[in-house]
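Worksheet for the structure shown next.
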There are 2 protein chains.
Amino acid sequence: MTRSAKTPTMIDVAQRAGVSPMTVSRAFKRDASVSDDTRRKIHAAAEALGYVFDSTASNLRSQKTGFLAVIIPSLNNANFADTVGAMTTQLRDSDLQILLGYTDYDIEEEERLVEQFLRRRPEAIVVTGGKHTGRTRRLLQNAGIPVVETWDLPEDPIDNVVGFSNAAAVGQMVDHFVARGLTRIGFIGGDEASDTRGFDRRRGFVAAMRAHGLTADRLIAGGPPPVMMREGAQAMADMLTRWPDVQAAICVSDLSGFGALTECQRRGIAVPGDISIGGFGAYDISAQCLPTLTTIDAFSSEIGRATGQLVDELLRNPARDRPAPQRIMVHPRLVVRGSG
Amino acid sequence: MTRSAKTPTMIDVAQRAGVSPMTVSRAFKRDASVSDDTRRKIHAAAEALGYVFDSTASNLRSQKTGFLAVIIPSLNNANFADTVGAMTTQLRDSDLQILLGYTDYDIEEEERLVEQFLRRRPEAIVVTGGKHTGRTRRLLQNAGIPVVETWDLPEDPIDNVVGFSNAAAVGQMVDHFVARGLTRIGFIGGDEASDTRGFDRRRGFVAAMRAHGLTADRLIAGGPPPVMMREGAQAMADMLTRWPDVQAAICVSDLSGFGALTECQRRGIAVPGDISIGGFGAYDISAQCLPTLTTIDAFSSEIGRATGQLVDELLRNPARDRPAPQRIMVHPRLVVRGSG
DNA sequence: ACTTGCCATGTTAACGATAACATAAGCAAA
DNA sequence: TTTGCTTATGTTATCGTTAACATGGCAAGT
């Protein structure tokens, strides 16, 4: 074979198999009508030539890319990774290819990503959260494809929503601690507006405390997201310094919750004897640490599964007759464990 | 505006701006020569029409997609997530778009992914590990694009490599424990061949033990990957049952290491007093738990950075005059901490 | 035998951008 | 003034596939 001849195309395959290029094209589709005999011949020819189907051309001509754009704040966050994982699983048989991007919790970066992704002509786009720049909203609204906002319940959704109220979820945990007779409860994290969901959780904490007639001023900063274990430990140290009488600490995530827990242990403070601790997210670690961590399971996987299913359904109908925007609620569950 | 008129193309923008489509095309490139005045006019027209550049067409005509295919075993693994994160950062200014896929530690799934990705005509492809199906190897070799195998040192590389020896890394840890006078050392995990790197770590454990003249039969299965905290705890329980005299346990990852640690704590076994524990991967948790976990830092981020840089360099030259395949070594470092 | 209709296949043109080449204008050097 | 070179722009054809339409053959229905 002459080396470095160009990459073979359908035309080459067609010639070798003695059919027209169109038939080759059909042979590479699932449902197209091609006789078994011809199909075999074509695949043999393709294999022999080392032909690899070119989606690039297919995408252009058919005006379908098979891309699903998905934007999450951070790859390195098990919750979002779970969501994306479940979405992938759900979409396994729908030949959609996920185009994954992450914003580092920055809506300007999100704007850049959305713009970049829309150039690839995805068939739908999934974003995390409901807070976006004006330009992002405009781009998404005009893209003419289904949009799904996840992990949140925006007041004014762009299109579809699969999410839950972060504020209400934390409210459940406050109720739980109060029911156990604790009143001096603090919150760690959620101080940076850029972490929209963390911010909402803190809001939910304050609201729930007030609803119980309790003061909600034991608030400790966790710093800019991602709030990790180390920051949680530091925050707990601050908490103990400023409010030594604190009876419970609710953390913006299990990671900071675990950090807070270890800080208590380093200081010989008993958990939950002296202080109760709550986290958020049902990360693996919350089920494995000692004591296990009371947390809120937001069902990250379910969000991904439901989003995948929704996208799949939406794309099944032609754009013309798609149902009205949906608002799918996921219901976070308080998981009471050893830490309080 | 007439609703649902088709998505505008460059032709529409060109007409509105009073120039030719070619000029519009140039105005959307960075380095093309277009007068400032014209460029402004064109961008204004594009904005007014809500025009969004169509990469799909551009890709076909220019035979460049700007895609970099990256395949990792699992999204939900902080090490690989770090690698991908660092790669993204490194490639920020190179307008390459990462096409991310994960195999769930299954080389058949890898084959499917490689095939799927190659259809998208990526400009380079990064895979994790050096073990692939025959067809995968063939596909990668014939793809005519740079290939990088990472996180491993394959004996017979397909093309470029950015990695390290998992076996040798674990050897360092064995040496460390032996130097501390421990001889009855066990290994947790790495029993499943599908987790190539885990398997290599176990091999490295056995080899290093033998090199010290010690028996290397204290091997506990961790089960199929991903080996998480829970499996580590179970494995430690098994270890203590079968070899109650064990002095140290080296775990295939920090996650199982942490699980092992908590299991000891649940049983009142002092770490490192009664048993030393070592992990792998320098996950956040290893620095935060109590006691902190001795581990091996494989520099996941550095792997990503170096890979990104390599790809960038390779793609800078035309295919014709690319340097010979490179083999970039990363040197894992033993991080001695509280657990032994 | 003659529609009717389906199935397998072929022909033609187009998806939307841009490579490659062409040209006009401007300006510096000779 | 002429030549040469750069800069800004236009023209034409094409990237590889497939939508849309066309066709021939063969089976079933009347």
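When reading the values below, keep in mind they use all heavy atoms of this one structure, side chains included, and skip hydrogens, waters and symmetry mates. Within every chain, numbering begins at 1; the chains are lettered A, B, ... in the order of the sequence lines, protein sequences first and strands thereafter.
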Roughly, in whole Å, what's the span from [atom1] in [X] to [atom2] in [N]?
X       : N      : atom1 : atom2 : answer
A:Leu49 : D:dG16 : CG    : P     : 14 Å
B:Asp37 : D:dA8  : CG    : P     : 12 Å
B:Phe28 : D:dA8  : CZ    : C1'   : 18 Å
B:Leu60 : D:dC15 : CG    : C1'   : 4 Å
B:Met10 : D:dT11 : CE    : P     : 16 Å
B:Arg39 : D:dA8  : CZ    : P     : 9 Å
B:Arg40 : D:dA8  : CZ    : C1'   : 15 Å
A:Ile11 : C:dT12 : CD1   : P     : 14 Å

OP1 or OP2 of [N] versus the side-chain N and O atoms of [X]: is any pair under 4.0 Å?
X       : N      : answer
A:Gln63 : C:dA14 : no
A:Ser33 : C:dA8  : yes
B:Tyr51 : C:dG16 : no
A:Thr23 : C:dA8  : no

query = Is any side-chain heavy atom of B:Tyr102 closer than 4.5 Å to a side-chain heavy atom of B:Ile71?
reply = no

ask   = Got B:Glu111 and B:His132 here, is their nearest side-chain heavy-atom distance under 4.5 Å?
value = no

Ion pair [X]/[Y], N-O distance below 4.0 Å:
X        : Y        : result
B:Asp54  : A:Arg120 : no
A:Asp82  : A:Arg305 : no
B:Asp36  : B:Lys41  : no
A:Glu115 : A:Arg135 : yes

If you check every side-chain atom of [X], which of [options] has the closest atom?
X       : options                : value
A:Ala57 : D:dT9, C:dA19, D:dG16  : D:dG16
A:Thr9  : D:dC15, D:dT17, C:dT9  : D:dT17
A:Met22 : D:dA20, D:dC15, C:dA20 : D:dA20
A:Val34 : D:dT17, D:dC15, C:dT9  : C:dT9
A:Thr38 : C:dA17, C:dT9, D:dT17  : C:dT9

ask   = Taking for each residue the nucleotide of DNA chain D bearing the nearest heavy atom, is the 5' side occupied by B:Pro21 or by A:Ser58?
value = B:Pro21

inquiry  = Judged by each residue's nearest nucleotide on DNA chain C, which is more toward the 5′ side, B:Lys29 or A:Arg26?
reply    = A:Arg26

message = Is it the case that C:dT18 (base atoms only) and B:Arg61 (side chain only) share a donor and an acceptor within less than 3.5 Å, ignoring hydrogens and angles?
response = yes

request  = Please work out if A:Ser20 contacts a base, only the sugar-phosphate, or nothing of the nucleic acid, heavy-atom cut-off 4.0 Å.
outcome  = base

task = Answer with base, sugar-phosphate or nothing: what part of the nucleic acid does A:Val24 contact at a heavy-atom distance below 4.0 Å?
result = nothing

